[in-house]
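A quick write-up on the structure given underneath.
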Amino acid sequence: MKNREGTVMSVDWTPERIEILTQLWNEGIATSEIGRRLDVTKNAVVGKVHRLGLPKRQSPIQRKPAKKKKAPEPEVITMDKLRPGMCAWPIGDPGTPGFHFCGGKAVEGKPYCDTHCEQAYVRSVKDDRNNAKRAS
DNA sequence: CCCTGATTCGC
DNA sequence: GCGAATCAGG
């Protein structure tokens, strides 16, 4: 695109250029060729084509769903993944499929993370009160 | 390694 | 919305 006469921000996808792009694409011209023709990169072409919803080509390519840039996918902490310093709060029923642990950062000296320490503590308080009553 | 297109993601 | 980077198939 252009900013008021001159400074190029990116390619100006005018209707003409889009038409050329579409036509060349429908003729089966390679993206790199189209890019050369319109003076843009092949990535720009394929990106635009994809955005325009034009028919796909070289079909049987199936990309990995995984991406390494972001969203590393929250790992499920199974027993073998559990390490010291990880919250060992059980999730699910032990011995059944899908059983795993919280896996969060455990509080120093505790087997659980902050959240699960609190939950454990709530129970402890009740028990401690009863125990304390009896003890005293 | 070259080509291709496909998808994600920072801008 | 754009396209470089990255990825996957040929």
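Computation of the quantities below employed the complete heavy-atom set of this structure, encompassing side-chain atoms and omitting hydrogens, waters and symmetry-equivalent molecules.
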*Using a cut-off of 4.0 Å on non-hydrogen atoms, how would the nucleic acid contact of A:Lys48 be classed: base, sugar-phosphate, or nothing?*
sugar-phosphate
_With a 4.0 Å cutoff (strictly under), does any side-chain N or O of A:Ser32 reach OP1 or OP2 of B:dC3?_
no
*Mind calculating the distance between CD1 (A:Ile34) and C1' (B:dT4) to the nearest angstrom?*
12 Å
*asked:* Could you tell me how far apart A:Leu21 (CG) and C:dC2 (C1') are, to the nearest whole angstrom?
replied: 13 Å
*Atom-to-atom span, CZ of A:Arg36 to C1' of B:dT4 - whole angstrom*: 13 Å
*What distance do A:Ile29 atom CD1 and A:Leu21 atom CG have between them, rounded to the nearest 0.5 Å?*
11.5 Å
*asked:* Heavy atoms from C-beta onward define the side chain here; which of B:dA6, B:dT4, C:dC2 lies closest to that of A:Trp13?
replied: C:dC2
*Expressed in angstrom and rounded to an integer, what is the separation of A:Arg17 atom CZ from C:dC2 atom P?*
12 Å
*How close do A:Met86 and A:Lys81 get, heavy atom to heavy atom, and via which atoms?*
SD-O, 3.6 Å
_What I'd like to find out is whether the side chain of A:Leu24 reaches to under 4.5 Å of the side chain of A:Val45, using heavy atoms alone._
no
*Starting from P on B:dC3, measure out to CG on A:Asn43 and report it in whole angstrom.*
13 Å
*What nucleotide among B:dA6, C:dG3, B:dT4 has an atom nearest to a side-chain atom of A:Trp25?*
B:dA6
*Name the closest nucleotide to the A:Val46 side chain, picking from B:dA6, B:dT4, C:dG3.*
B:dA6
*Between B:dA6 atom C1' and A:Arg51 atom CZ, what is the distance in whole Å?*
12 Å
_Short side-chain donor-acceptor distance under 3.5 Å, A:Thr14 and A:Asp12_ = no
_Integer-rounded Å distance: B:dT4 P and A:Lys42 NZ_ = 7 Å
*asked:* In this structure, how many angstroms lie between the P atom of B:dA6 and the NE2 atom of A:His50, rounded?
replied: 7 Å
